[in-house]
Number of protein chains: 4
Amino acid sequence: MSQQDKMIEELFHNADELTEKQKKIVAAAIDSFAEKGFAATSTSEIAKKAGVAEGTIFRHYKTKKDLLVAIVAPTMAKLIAPFVIKDLNKVLHQDFERFEDFIKAFIENRIKFLKNNMPLFRILIQEIPFQPELREQFKEHIAQKVFERLRQIVEHYQAKGQIIEMPSDTVIRMAASTIFGYIIARYLLAPEAEWDDDTEIERTIQLLMNGLSP
Amino acid sequence: MSQQDKMIEELFHNADELTEKQKKIVAAAIDSFAEKGFAATSTSEIAKKAGVAEGTIFRHYKTKKDLLVAIVAPTMAKLIAPFVIKDLNKVLHQDFERFEDFIKAFIENRIKFLKNNMPLFRILIQEIPFQPELREQFKEHIAQKVFERLRQIVEHYQAKGQIIEMPSDTVIRMAASTIFGYIIARYLLAPEAEWDDDTEIERTIQLLMNGLSP
Amino acid sequence: MSQQDKMIEELFHNADELTEKQKKIVAAAIDSFAEKGFAATSTSEIAKKAGVAEGTIFRHYKTKKDLLVAIVAPTMAKLIAPFVIKDLNKVLHQDFERFEDFIKAFIENRIKFLKNNMPLFRILIQEIPFQPELREQFKEHIAQKVFERLRQIVEHYQAKGQIIEMPSDTVIRMAASTIFGYIIARYLLAPEAEWDDDTEIERTIQLLMNGLSP
Amino acid sequence: MSQQDKMIEELFHNADELTEKQKKIVAAAIDSFAEKGFAATSTSEIAKKAGVAEGTIFRHYKTKKDLLVAIVAPTMAKLIAPFVIKDLNKVLHQDFERFEDFIKAFIENRIKFLKNNMPLFRILIQEIPFQPELREQFKEHIAQKVFERLRQIVEHYQAKGQIIEMPSDTVIRMAASTIFGYIIARYLLAPEAEWDDDTEIERTIQLLMNGLSP
DNA sequence: CATGAATGAGGGTTCATTCAT
DNA sequence: TATGAATGAACCCTCATTCAT
């Protein structure tokens, strides 16, 4: 079972109602969407790559855009899953006394997830600007739920005197920039370069810690 | 003369051989490419928006992709212009004794440029992943020339003991993440939000200074 | 049991081998064919309306056109049934001494039949122009058998001096025009209008009687 | 110049803005629509028959249905043109003292028109039941304007004691049935048969005169 | 130089029909 | 017998590009 298959398994197995053909369609679509973009990918190309008839795609997904949404929506959900668990505060108290520990665990966890789902992440960030439907979902989930949580977390550590006093939104923006900057550089811009991942992550965290400490 | 016109004037006037019609075509194309993406924009739409016949576009630009390149290439050139001036080192010595001063001046200068050319910047980052031709230009110019220069600058300030000892690439990546993170958040993700720009930039620089100081 | 069901019962029960599902298919097909025409009706639509799987249709009718023929053929047969009874002449002598009585009884009988089968009649006249197969059947049955009989009837009453001397085909055409004209106006063109049916039929017969009397 | 061409010339020349290609498209469409029906005719077939590229059709007619409407609408207009002239009453008084003269002139005029435009008439009556847009136009023009006029005419001759006292709608229905019955039989059902047109029309008028005289 | 009619390949989607279950 | 997933040809329509005017 390939990495691609595992990725699909992980993201879509939940619903568990994906036909074998459907999985092939999804895999082919992810491939092409990530490489050439949604608009420049033809359904006939997806069908050929998936080894199914073009009509089969439309039996499972009413439109080409439906196929995109069916791919991106669960990706978005999984990406933000850690932020919507109920007892996040308890977790913070018990497991992460220090902000540094938290951010470290958090970065490692999300990087691992994204590394395993890079083509999906790529589609996500490439298509959100163009698809109002995705943008809506994104705003609703990220802007409202996730941001809410992140603010709480920042304020939690600010209250403990571990983060500089500064609007939480600014803190979030800076942390996010740093983290996504690393991921994008590492996996999208220069995936071929040699990376000492542990050290790079370590340094990235250091930047944040130095920059955000009171 | 509108902001849009000035932007075009600034970027394309150099060549100076742009017909009135050509300018309208470029303006319309920038508009549509930024909004819907290159692949999802039709030449007929551009023609209509520009108020010219469809054939006129192809008289000036052999293909639709040529039009894109004609738009993106000078943008890229202008964006990196400050890095390719000859006597950069002299400038550094004379004007920016401290790294903080340099980064401050630099950020402000480039942000101003991008703010005035946001649709172009948008097209740039949205289409580079899909257009091999653009990617090639990007790699050649950025990866080779700009990166070269940035390394020199970082090492210049490291030698002066103002930047932590760390591979210069890492320093560049972190600085770039932070700066672009701000620009993208400010102008693309949440342009409608209220931003206290000066303070935000100030804080962003502080993050970098704290994080990168020895 | 609805009117629709009765209609189907009457027309198809003879063969008597219609499954429950088959009846539903036929009912759904009649509905859609009458409303949107044969060519514009999809088998999937029929299947959905009938509450069966698409495959089921093709188990009973080899092609979509077969389904149409299976619907239209018996309709045509029933429509012309009165003309193919063997002892028509005997009937004429015994029951209808006067042409007026005959035409009255005849009109009322056929109008009643068509009223009960209006969607079928609609399909009949709408699809015959387009389906060579139906046209063939129509010609064979109507043009040859029915016309033959009608000529005999006309000549029968001409011999009795009750119909003007005139080619029988012309008489038939004029009578048919008048009768079908009424039916089409009454049930297809203006079914919503208020109609005093008895009076209208009475007047229509008067027109014919006045027009065809010697 | 063929009969087909003349027909098109007559119906569409007014607007006068039909390209040579457009005329070919219209001619081909009339041909196919009349023969196989609108829904069963493909645009590729029309293009091939017209000797143009498929795209050319859509440059002139936004959709396939637009093409149909562009064909049927002027036909309908021409068909009812005689009813919308302003001084119809004056015409009646001056030229047609007797109802018989009027109906004779009228029938001959409209039959001549329809004979020259039979494929168009065919499309008209075959597609009106399926195309709400056409039905709407038909209702608006025929039901409202034409019917209004016909009622006036009937009442005009009733007042002169030349038509039996009877609701004018009934008179119209019967006259229309008879006339269209002739046309349909003559040109659509049995165009191959030998017809003595003058005699048939004479007899048809006699039927009406006898039937409608007081 | 500018036009816009014309092109035909290719787009997304629907369809009647088949066949393994 | 009934199903409905699968098919791929054909559908209507859009597109980037050409070229005569």
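Just so you know, these numbers use all the heavy atoms, side chains as well, and skip hydrogens, waters and symmetry mates. Each chain gets a letter, A, B and so on, in the order the sequences are listed, and its residues count up from 1.
Shown here are the salt bridge (Lys or Arg N to Asp or Glu O under 4.0 Å) partners of A/E45, two or more places apart in sequence or in another chain: A/K36. Judged as a side chain to side chain contact (heavy atoms under 4.5 Å, CB included), and not counting sequence neighbours, the contacts of A/Q126 are A/R122, B/P129, B/F130. Under the rule for a salt bridge (Lys or Arg N to Asp or Glu O under 4.0 Å), C/E136 has no partner lying at least two apart in sequence or in another chain. Taking A/E133 as the reference, A/K65, A/V69 meet the side chain to side chain contact (heavy atoms under 4.5 Å, CB included) condition, with sequence neighbours excluded. The side chain to side chain contact (heavy atoms under 4.5 Å, CB included) search around D/A50 returns D/K24, D/I25, D/A28, D/V52, not counting sequence neighbours. Not a single salt bridge (Lys or Arg N to Asp or Glu O under 4.0 Å) links B/K62 to another residue, sequence neighbours left out. For D/R135, the side chain to side chain contact (heavy atoms under 4.5 Å, CB included) partners two or more places apart in sequence, or in a different chain, are D/I128, D/P132. By the side-chain hydrogen bond (donor to acceptor under 3.5 Å, both in side chains) test, B/E54 is found to be paired with B/T43, residues two or more places apart in sequence or in another chain being considered. With sequence neighbours excluded, no residue satisfies salt bridge (Lys or Arg N to Asp or Glu O under 4.0 Å) with C/K48.
Nearer the 5' end of DNA chain E, as judged by each residue's closest nucleotide, is the contact made by B/T56, out of D/G51 and B/T56. Position along DNA chain F of the nearest nucleotide to A/Q22 versus C/T19 favours C/T19 as the more 5'-ward residue.
Atom pair A/F33:CZ and E/dG12:C1' shows a separation of 12 Å (rounding to whole Å applied). Counting to the nearest Å, the P atom of E/dG12 and the CD1 atom of A/I46 are 8 Å from each other.
Side-chain contact between A/H60 and A/T19 is present, with at least one heavy-atom pair separated by less than 4.5 Å.
Annotated stems with DNA chain E as a participant read E:2-21 with F:2-21, given as range with range, by first number; only runs of 3 or more Watson-Crick or G-U pairs under 3.5 Å qualify.
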Listed pairs, N/O of protein and of nucleotides 13-16 of chain E, under 3.5 Å:
from   : atom 1 : to    : atom 2 : distance (Å)
E/dT13 : OP2    : A/K64 : N      : 2.7
E/dA16 : OP1    : C/T41 : O      : 3.2
E/dA16 : OP1    : C/K64 : NZ     : 2.9
E/dA16 : OP2    : C/T43 : N      : 2.6
E/dA16 : OP2    : C/T43 : OG1    : 2.8

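Nucleotides of DNA chain F lying under 4.0 Å from heavy atoms of chain C occupy a range whose first and last members, 5' to 3', are F/dT1 to F/dG4.
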